[in-house]
Amino acid sequence: HHRIVIVGGGLAAARAAESVRSEGVDASVTVLAAEARPPYERPPLSKGYLLGTDDAASTIPLDAAWYAAHDITLRAGAEATELDTAAHTVRAGGETLAYDQLLLATGASPRRFTGPGGSLTGVYTLRTLHDSTVLRAAIARGGRHVVVIGSGWIGLEVAAAAITYGNTVTVIGHGSIPLEAAVGPVIGEVFAELHRANGVELRMDSGVSAIRGAGHGSGHVDGVVLRTGEVLDADLVVVGIGATPNTTLAAASGITVDNGIVTDAGLRTSAPDVFAAGDVANAYHPVLGRRLRVEHWANADKQGAAAGRALAGVDVEYAEIPYFFTDQFDLGMEYSGYGTLAAGGDLVVRGDLASREFVAFWLRDRHVVAGMNVNVWDVNESVQKLIRAGVRLDPAALADPGVALDSL
Ligand code: FAD
């Protein structure tokens with residue numbers, strides 16, 4: 001009898017379990033998830049759930065009853081602690097499970113502030129439902145000084161939630177414009193302006209040297225010390241400085257790890273019968289011609305599903321265009337494309353940056369390599385089509401809202 005084991009408790013694990021079963025393979029399926037709940041989705045944790053408009057149940061794509069109904073053993077609260085790829089066994093909760101095929105979908109963990117004061121009470125990171133519940137309790141009453149370290153997507157989303165609750169919010173970022181590395185200075189400035197217009201104070205180029213406690217190196221946070229020596233009052237600090245892939249289990253078993261678990265385009269790791277997907281996977285991307293690790297929801301969704309097919313014995317080639325979305329205040333955005341190709345490319349804007357209603361395209365040699373729609377909907381598919389087509393375009397036509405994207 002065939003045994004499939006999925007290690008992980010995020011969306012990639014859930015989608016893998018779902019697609020294994022829809023392939024109809026005759027196998028036992030076990031999901032080992034370290035957190036004590038069914039695999040769940042994280043985007044609401046810095047948006048609707050943090051804001052109190054979405055409940056916890058809405059983060060769960062497939063509930064416990066679904067796993068039971070599909071004859072999948074869900075072991076929530078069971079962390080896989082040891083993987084023996086030669087023996088084809090994995091240990092969890094004091095037991096050893098044998099597998100024929102195994103998926104590593106262990107995700108990522110937030111980077112912590114490693115300077116002085118990083119572990120004071122009142123310093124938060126945000127990754128799990130529990131993190132979001134605790135942070136929400138801390139910001140929901142309003143009237144507090146919230147300092148966010150990091151001006152990336154999560155930092156900005158938390159800033160939006162915190163100010164919506166009536167706190168004063170300062171975001172400390174690197175570089176001169178938030179998100180500049182991800183979307184360039186022009187679009188980064190759109191987000192900066194959105195936050196300023198909503199009362200968030202942006203302190204770029206400041207750098208944090210320490211988080212200060214009320215006592216002497218202990219107790220509750222009361223300030224953030226900038227590299228300039230200036231001290232900002234802080235009742236609580238949220239650290240949003242990126243995430244690192246959870247590779248400990250894989251690395252200890254001898255699987256090749258390099259900025260995540262290395263896989264080929266078929267999501268196969270260096271160990272036989274072991275696959276990886278989601279935030280933890282650094283998978284060879286056949287279109288880019290190199291490996292790519294994507295820390296986005298849609299990647300966990302689609303790559304997880306592809307890994308499920310691979311577990312079921314199907315030969316897969318994962319070649320999706322990276323896709324990402326965010327919601328901050330009244331701005332909703334979708335981005336599709338190859339950020340690394342877009343960096344330094346030519347920016348073409350269709351619509352109006354100032355009113356935050358536009359589609360932006362990044363061109364390389366007049367080919368679209370990425371596109372972002374802001375408060376404009378139902379165009380993402382057309383954007384992806386343009387990227388896939390890879391043809392040379394007239395930038396003026398691209399910028400002209402009168403020219404249908406699908407006609408280009
Ligand atoms: P994860 O969601 O990290 O899940 C991995 C799970 O595996 C965890 O539950 C972990 O406990 C478990 N695990 C780890 N090691 C083991 C082990 N040894 N044994 C058993 N279980 C283990 N993306 C977007 O595109 N748009 C957004 O707006 C967006 N917002 C986000 C907001 C927040 C607050 C966060 C944290 C992320 C956001 N993302 C967003 C990113 C998106 O959530 C991730 O890309 C996605 O969660 C990755 O899914 P995953 O299944 O690969 O990993």
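In each ligand, atom 1 is the first atom listed, and ligand 1 is the first ligand listed. Being a predicted model, the structure only gives us computed values, none of them experimental.
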Problem - Interfacing atoms of ligand 1 (cut-off 4.0 Å, heavy-atom, Gly107) - result: 1 (P), 3 (O), 5 (C), 53 (O)
Exercise for the section: Run the numbers on Asn373 and Glu334 for side chain to side chain donor-acceptor pair (under 3.5 Å), then give the verdict. Expected result: CA-CA 5 Å; Asn373 47 300; Glu334 296 175 290; 2.8 Å; yes
Practice task
Within a distance under 4.0 Å of any heavy atom of Val7, pick out the atoms of ligand 1 and give their elements.
Solution key: 17 (C), 19 (N), 20 (C)
Practice task
Any atoms of ligand 1 less than 4.0 Å from a non-hydrogen atom of Glu295? List them with their elements.
Solution key: 41 (C), 45 (O)
Exercise for the section: Please confirm whether Arg127 comes within less than 3.5 Å of ligand 1 when only nitrogen or oxygen atoms on both sides are compared. Expected result: yes
Exercise for the section: Write out the residue and atom name of the closest protein heavy atom to atom 7 (O) of ligand 1, then the distance separating them to 0.1 Å. Expected result: Gly9 N, 2.9 Å
Exercise for the section: Return yes if a side-chain donor-acceptor contact under 3.5 Å exists between Ser209 and Arg227, otherwise no. Expected result: no
Practice task
Examine the side chains of Asn246 and Ser109 and answer whether a donor and an acceptor come within less than 3.5 Å of each other.
Solution key: yes
Handout entry: Ala34, any N or O under 3.5 Å of ligand 1 N or O
Key = yes
Fill in the blank from the handout: Heavy-atom proximity to atom 43 (O) of ligand 1 ranks first, among Arg42, Glu35, Arg75, for Arg42
Problem - Heavy atoms from other residues, nucleotides or ligands near CG of Asp365 exceed 12 (cutoff 6.0 Å) - result: yes
Exercise for the section: Kindly confirm or rule out an N or O of Leu126 lying under 3.5 angstrom from an N or O of ligand 1. Expected result: no
Problem - N/O separation below 3.5 Å, Phe325 to ligand 1 - result: yes
Exercise for the section: For Ala300, take its heavy atoms, then give the atoms of ligand 1 lying under 4.0 Å from any of them. Expected result: 48 (C), 49 (O)
Practice task
Please check if atom CZ in Arg290 has more than 12 non-hydrogen atoms from other residues, nucleotides or ligands closer than 6.0 Å.
Solution key: yes
Problem - Shortest protein contact, atom 45 (O) of ligand 1 (heavy atom only) - result: Asp279 OD1, 2.7 Å
Practice task
Using the six-membered ring of Phe358, assess whether NZ or CZ of Arg356 lies under 6.0 Å from its centre and within 45 degrees of the ring axis.
Solution key: no
Problem - Donor-acceptor contact below 3.5 Å, side chain Arg111 vs main chain Ile241 - result: yes
Handout entry: Under 3.5 Å: N/O of Trp297 near N/O of ligand 1
Key = yes
Practice task
Give the atoms of ligand 1, by number and element, whose distance to some non-hydrogen atom of Ala78 is under 4.0 Å.
Solution key: 20 (C)
Problem - Ser132 heavy atom under 4.0 Å from ligand 1 - result: no
Handout entry: Within-shell test, Lys47 vs ligand 1, heavy atom, strictly < 4.0 Å
Key = yes
Handout entry: Distance-only polar pair, side chains of Gln384 and Tyr323, donor-acceptor under 3.5 Å
Key = no
Practice task
Flag Tyr323 as yes when one of its N or O atoms lies below 3.5 Å from any N or O atom of ligand 1, and as no otherwise.
Solution key: no
Problem - ligand 1 versus Ala105: contacting region, heavy-atom distance under 4.0 Å - result: backbone
Handout entry: Cationic tip of Arg136 above Tyr49 ring, under 6.0 Å, 45° of axis
Key = yes
Completion exercise
At under 4.0 Å between heavy atoms, what of Ile154 touches ligand 1? The answer is side chain
Practice task
Return the residue, atom name and 0.1 Å-rounded distance of the protein heavy atom closest to atom 32 (C) of ligand 1.
Solution key: Ser46 OG, 3.2 Å
Exercise for the section: List the closest protein heavy-atom neighbour of atom 18 (N) of ligand 1: residue, atom name, distance to the nearest 0.1 Å. Expected result: Ala80 O, 2.9 Å
Problem - Passing option when His145 is tested against Asp235, Asp233, Thr168 for side-chain hydrogen bond (donor to acceptor under 3.5 Å, both in side chains) - result: Thr168
Handout entry: Region of Thr106 engaging ligand 1 - heavy atom pairs below 4.0 Å
Key = both
Handout entry: Heteroatom proximity flag, Leu11 to ligand 1, N/O under 3.5 Å
Key = yes
Fill in the blank from the handout: Near Gly278 (heavy-atom distance under 4.0 Å), the atoms of ligand 1 are 52 (O)
Problem - Heavy-atom pair of closest approach, residues Ser19 and Gly304 - result: OG-O, 4.4 Å
Practice task
Over 60° means perpendicular and under 30° means parallel, so classify the ring planes of His70 and Trp66, tilted if in between.
Solution key: parallel
Problem - Glu79: numbered ligand 1 atoms lying under 4.0 Å from its heavy atoms - result: 17 (C), 18 (N), 19 (N), 20 (C)
Practice task
Go through the steps to decide whether Asp84 and Thr89 satisfy the test side chain to side chain donor-acceptor pair (under 3.5 Å), and finish with yes or no.
Solution key: CA-CA 5 Å; Asp84 185 333; Thr89 58; 4.6 Å; no
Completion exercise
Taking only non-hydrogen atoms of Ala12 and a 4.0 Å limit, the atoms of ligand 1 in range are 51 (O), 52 (O)
Fill in the blank from the handout: Those residues at least two apart in sequence (or on a different chain) that pass side chain to side chain contact (heavy atoms under 4.5 Å, CB included) with Met333 are Trp153, Phe191, Phe324, Thr326, Leu331, Tyr335, Met372, Val374
Exercise for the section: Identify, for atom 39 (N) of ligand 1, the protein heavy atom at the shortest distance, and state residue, atom and that distance. Expected result: Pro43 CG, 4.4 Å
Fill in the blank from the handout: So for Pro110 against ligand 1, with non-hydrogen atoms under 4.0 Å, the contacting part is neither
Practice task
For Asp406, enumerate each residue passing the salt bridge (Lys or Arg N to Asp or Glu O under 4.0 Å) test, keeping only those at least two apart in sequence or located in another chain.
Solution key: Lys385
Handout entry: Of Val369, Leu405, Leu393, the residue whose pairing with Phe361 passes side-chain contact (heavy atoms from CB on, under 4.5 Å)
Key = Leu405
